[in-house]
J.: 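My questions all concern the structure below.
Order of the sequence lines fixes the chain letters, A, B, ..., with proteins taken first and strands second; residue numbering starts at 1 for each chain.
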Amino acid sequence: MMQAYNPKTIEKKWQDIWEKEKAFATSQDFTKPKYYALIEFPYPSGQGLHVGHPRPYTALDIVARKRRMEGYNVLYPMGWDAFGLPTENYAIKNHIHPRIVTENNVKHFTEQLKMLGYSFDWEREVNTTDPAYYHWTQWIFLRMFKAGLAYKSQMPINWCPSCKVGLANEEVVDGCCERCGTPIYRKQQTQWMLKITEYADKLLEGLDQVDYPERVKASQRNWIGRSTGAEVDFALKDTEDKLRVFTTRPDTLFGATYMVMSPEHPYIAKYAERIQNLEAVKAYQEEAAKKSDFERAELAKDKTGVELKGLTALNPATGKEIPIWISDYVLMSYGTGAIMAVPAHDSRDWEFAKVFGLPIVEVVAGGNVEEEAFTDVQSGTMVNSGFLNGLEVEEAKKAITAWLQEKGLGTPKVNFKLRDWVFSRQRYWGEPIPIVFCEKCGTVPLPEEQLPLLLPEVDSYEPTDDGSSPLAKMTDWVNTTCPCCGGPARRETDTMPQWAGSSWYYLRYTDPKNESCLASPEALKYWLPVDWYNGGMEHTTLHLLYSRFWHHFLYDQGSVPTEEPYRKRTSHGLILGEDGEKMSKSRGNVVNPDELVDAYGADSLRTYEMFIGAFEQHAAWSTEGLKGCRRFLERVWKLGDMLQDGEGYSPELETKMHQTIKKVSNDFETLKYNTGIAALMALVNEFYRVKHITKGEFRTFLLLLNPVAPHITEELWENAGFAGHCYHQSWPVYDEAKTVEDVIELAIQVNGKMRGTVKVPREAEKEAVLAAAKEALGDKLSGTLLKEVYVPGRIVNFVVKP
RNA sequence: GCGGGUGUGGCGGAACAGGUAGACGCAAGGGACUUAAAAUCCCUCGCCCUCACAGGCGUGCCGGUUCGAGUCCGGCCACCCGCACCA
């Protein structure tokens, strides 16, 4: 009888051995087959890890450990996405430098991760706040600037009055700041922008060549929001001017009975003199400006607007004079900021027309436009549309577009919902933007040799109410000389958003200490693309899209060898609190991994997190369930007591062994960790049932369990006197032929209902099986036999008429 | 509204490619061991009827295909997530 299972001592013991032996260091041998497994690097918050973190980390740790045993050179790195607001806010509140806060948090996270026994290559740790790292973040920015993809723009931004920072559209949720929940409002400010829209099509097309879950691809496509249609010019009556609109339904042009401009449309000022009801118009504009985007959307139900009296347009198809309205249901930021309204075939226009009594003219037959807008494009025939009459919608689109082009009235056009990325933050704890403003030379990029541009020490990290960065107060730093002419110049004082550093970190892991480039071409060529990238669904439209954009750009620059960064992406489900609600401090349902590891051990926690349920689905925490996994490992621990000599598998377990190797091998590849572990539990139950285990069986079992529970398996391996360590061994192989029993139990049905079973040799002839089945049924089989169904290895079914 | 997903015991969840629904685990009940408790071990565990055997019902609902449907097809319902006056 060996000692009791004590995870505390054995886990520490093996973690020390792995560290000392550099057990999981990535090989520099580029001739070996490679495998790059990546998990999203964490933001080192003050709270430390919660039980949600280990789920994806363990999942890919299993893959990484298995791949090493299969002979791959594995890169499984870890790092820190350490710039960001919470650290800065904590620093402000407690008067500590954010760098110190970050160091402490990173230290805490590192201890926690090491305590869980992950096989990360800690030699390749990266930290986005390290100047040696953000050197290259700045470098990429400069490259974008030189390529014309980074530009400064005076524009309304999403301003969070609490964080005192401008936000990207992606960071605004329900009109509120994603971080603090404060309602945002629009504020005019000069901002750095990245032209992600230039890559909209590439980002869309790239999705076809990668292995992402459908829901991830769908949200990216939806976010990019490509729509095809046409731009059409409507002449303004009694002017030389035209009002341009974008429409996806040029086929309905004959039904355009009025037009609507956004309240921000420049024509309102341009034609102010003509507008007879200018006061009412201005009042409406002011009202609209006061509303946040959120309020605009919330009040969407009721259409409001004002007609521009004195300014009308001509429908190019009908030649009829039609009124122009302004309404906040038309957005200045999409299309041309103006629309042609076709109330019969657009539900928003229909509602507006009903409110203001505007004419509704049906041009696609098939619905009842008095009741509701008919928006179907699949069925329906053109009517009231001159030369389009009788055509189907799709044909009409082509015909009218050709006609518009011929007459010089319009052109085909593609629009995207995707907007350029607001890249400035008026904050301290971020990468300085390496740009200088010179009166003579204008906006000047810092020469690459001057990188990294270090974040200067400041007295206060407080953001300013006027919207300028804390760096603006550092006059010593701000005032500099122009790299171009040597004259006086000022530095850009905004910093980059947190998304910058995380947009390329996976590249740095391949060559983390390189001082002359972001990573050597040899390393990139060998390691890219990332073979498997797991992360949260919440990063699907932000991080994942941004990093793909940077990667496509770097590919165009010749800096990386692949178009797409990630070959395969998976998303883990959240771990919810025991109450089934999302874990949060305010709900008080947060579970701390430190206490769990202390009470049950890292191997138990790892096993439970993988056993908790389907990996891609959310799962509620259960400490009872964790205890069950600890119980399983206790049973594993005691297998040693039943150990018998024998290198092979005992006859009664041979099939089960081969089946289990097959099942576990497959399940660990396909995110089905829960059933893989279930198979290992079932195998242990078998060992207990037969009350013995051969050395050969024990070896195989330990190796299969090793990626999940690495500490206990190494300890048992050593205790059993096996040579070397588990992590030196090859992954067990199975013989397909031996995964099937020689004698199988067949189900027997009568008229499709289960009526019994029969044991027959696997290779038995049909006649023999049917005879055996009949005998097994006995007098349960009565009536006229109509049909006998025998599917070898599956089922026997007798169809009878009673 | 658009897009994606999910519905199976008291619970988390299994079920290859249409072939014995409920693997594995949790909880619960019973028993053994113990002065006792914990731990451990053994048994039971979808619902109804039955002492038991046998039987009937059962994978959100209705219908279809099939010898046979949790799985395929058609039509619904409910819930969750993402996006949303994007023209």
J.: Measure CZ/A:Phe687 against P/B:rC24 and give the value in whole Å, please.
T.: 15 Å
J.: Taking the C1' atom of each, how far is B:rC53 from B:rG64, in whole Å?
T.: 37 Å
J.: Under 3.5 Å, is there a donor-acceptor pair linking the side chains of A:Asn534 and A:Thr570?
T.: yes
J.: Apply the syn/anti split at 90° from 0 to B:rG7 and say which one it is.
T.: anti
J.: Using the P atom as the point on both nucleotides, what is the distance between B:rA23 and B:rG18, in whole Å?
T.: 23 Å
J.: With sugar-phosphate meaning primed atoms plus P, OP1 and OP2, does A:Met681 contact a base, only sugar-phosphate, or nothing at under 4.0 Å between heavy atoms?
T.: sugar-phosphate
J.: Would you mind reading off the distance between A:Leu418 atom CG and B:rA84 atom P, rounded to a whole angstrom?
T.: 12 Å
J.: What does B:rA23 pair with, Watson-Crick or G-U, if both distances are under 3.5 Å?
T.: none
J.: B:rA14 pairs with which nucleotide, Watson-Crick or G-U wobble, both distances below 3.5 Å?
T.: none
J.: Cut-off 3.5 Å, side chains only: do A:Tyr284 and A:Thr304 have a donor facing an acceptor?
T.: yes
J.: Using OP1 and OP2 only, check whether a side-chain N or O of A:Asn674 sits under 4.0 Å from B:rA14.
T.: yes
J.: For B:rA27 and A:Arg631 - does any side-chain N or O of the residue sit under 4.0 Å from the phosphate oxygens OP1/OP2?
T.: yes
J.: Please give the distance between the C1' atoms of B:rG82 and B:rG29 as a whole number of Å.
T.: 45 Å
J.: What's the gap between B:rU20 and B:rC72 when it is taken at their P atoms, as a whole Å value?
T.: 16 Å
J.: Suppose we define a pair by two distances each less than 3.5 Å, Watson-Crick or G-U wobble; what does B:rU34 pair with here?
T.: none
J.: For the residue pair A:His539 and A:Glu40, confirm or rule out a side-chain donor-acceptor distance under 3.5 Å.
T.: yes
J.: Verify, without hydrogens or angle tests, whether A:Asp420 (side chain) and A:Ile196 (backbone) share a donor-acceptor contact under 3.5 angstrom.
T.: yes
J.: In the strands shown, is B:rG3 matched to any nucleotide by a Watson-Crick or G-U wobble pair with both distances under 3.5 Å, and which?
T.: B:rC81
J.: For A:Arg635 and B:rU40, is the shortest distance between a side-chain N/O and OP1 or OP2 below 4.0 Å?
T.: no
J.: How many Å lie between CZ on A:Arg689 and P on B:rC42, as a whole number?
T.: 12 Å
J.: Taking any heavy-atom pair under 4.0 Å as a contact, classify A:Arg226: base, sugar-phosphate, or nothing.
T.: nothing
J.: Base, sugar-phosphate alone, or nothing: which one does A:Lys627 contact when heavy atoms must sit under 4.0 Å apart?
T.: nothing
J.: Using the C1' atom on both, measure B:rA32 against B:rC24 and round to a whole Å.
T.: 25 Å
J.: If you measure only the distance, is there a donor-acceptor pair under 3.5 Å linking the side chains of A:Arg635 and A:Asn685?
T.: yes
J.: Is any side-chain N or O of A:Asn685 closer than 4.0 Å to OP1 or OP2 of B:rG25?
T.: yes
J.: With a 4.0 Å cut-off on heavy atoms, is A:Glu788 in touch with a base, just the backbone sugar-phosphate, or nothing at all?
T.: nothing
J.: What's the closest nucleotide to the A:Thr675 side chain, out of B:rC67, B:rA14, B:rU20?
T.: B:rA14
J.: When we call it a touch if two heavy atoms are under 4.0 Å apart, what does A:Ala614 touch: a base, just sugar-phosphate, or nothing?
T.: sugar-phosphate
J.: Taking any heavy-atom pair under 4.0 Å as a contact, classify A:Arg794: base, sugar-phosphate, or nothing.
T.: base
J.: Does a side chain donor of either A:Ser333 or A:Arg419 reach within less than 3.5 Å of an acceptor in the other side chain?
T.: yes
J.: Can you tell me how far C1' in B:rA39 sits from the matching atom in B:rC51, rounded to whole Å?
T.: 36 Å
J.: Scan A:Thr248 against the nucleic acid and name what it touches under 4.0 Å (heavy atoms): base, sugar-phosphate only, or nothing.
T.: sugar-phosphate
J.: With sugar-phosphate meaning primed atoms plus P, OP1 and OP2, does A:Asn797 contact a base, only sugar-phosphate, or nothing at under 4.0 Å between heavy atoms?
T.: base
J.: Start at the 5' end of RNA chain B and walk down; is the nucleotide closest to A:Gln617 or to A:Val791 reached first?
T.: A:Gln617
J.: With sugar-phosphate meaning primed atoms plus P, OP1 and OP2, does A:Lys672 contact a base, only sugar-phosphate, or nothing at under 4.0 Å between heavy atoms?
T.: sugar-phosphate
J.: Report the distance from atom CZ of A:Phe416 to atom P of B:rC83, rounded to the nearest whole Å.
T.: 20 Å
J.: Students often get this wrong, so: under 4.0 angstrom with heavy atoms, is A:Ala619 touching a base, only sugar-phosphate, or nothing?
T.: nothing
J.: So does A:Lys417 reach the base of B:rC83 with its side chain, donor to acceptor, closer than 3.5 Å?
T.: no
J.: Using a strict 4.0 Å threshold on nitrogen-to-oxygen distance, state whether A:Arg221 and A:Glu214 make a salt bridge.
T.: yes
J.: Is A:Gly628 touching bases, backbone alone, or none of the nucleic acid, heavy atoms closer than 4.0 Å?
T.: sugar-phosphate
J.: Indicate, with a heavy-atom threshold strictly under 4.0 Å, whether A:Glu624 touches base, sugar-phosphate, or nothing.
T.: sugar-phosphate
J.: Do we see a donor-acceptor contact under 3.5 Å between the side chains of A:Glu264 and A:Ser262?
T.: yes
J.: Searching all strands shown, indicate the nucleotide that pairs with B:rG74 (Watson-Crick or G-U wobble; both distances under 3.5 Å).
T.: B:rC62
J.: Rounding to the closest angstrom, what is the interatomic distance between B:rC62 and B:rC83 at atom C1'?
T.: 32 Å
J.: Taking the P atom of each, how far is B:rG68 from B:rC80, in whole Å?
T.: 38 Å
J.: Using a heavy-atom cut-off of 4.0 Å across all strands, would you classify A:Ser227 as base, sugar-phosphate, or nothing?
T.: sugar-phosphate
J.: Here's a test of your reading of the structure: between A:Gly625 and A:Lys663, which maps to the more 5' nucleotide of RNA chain B?
T.: A:Lys663
J.: Looking at every strand, decide which applies to A:Val799 at a 4.0 Å heavy-atom threshold: base, sugar-phosphate, or nothing.
T.: sugar-phosphate
J.: Atom CE of A:Met610 to atom P of B:rA14: distance rounded to whole Å?
T.: 14 Å
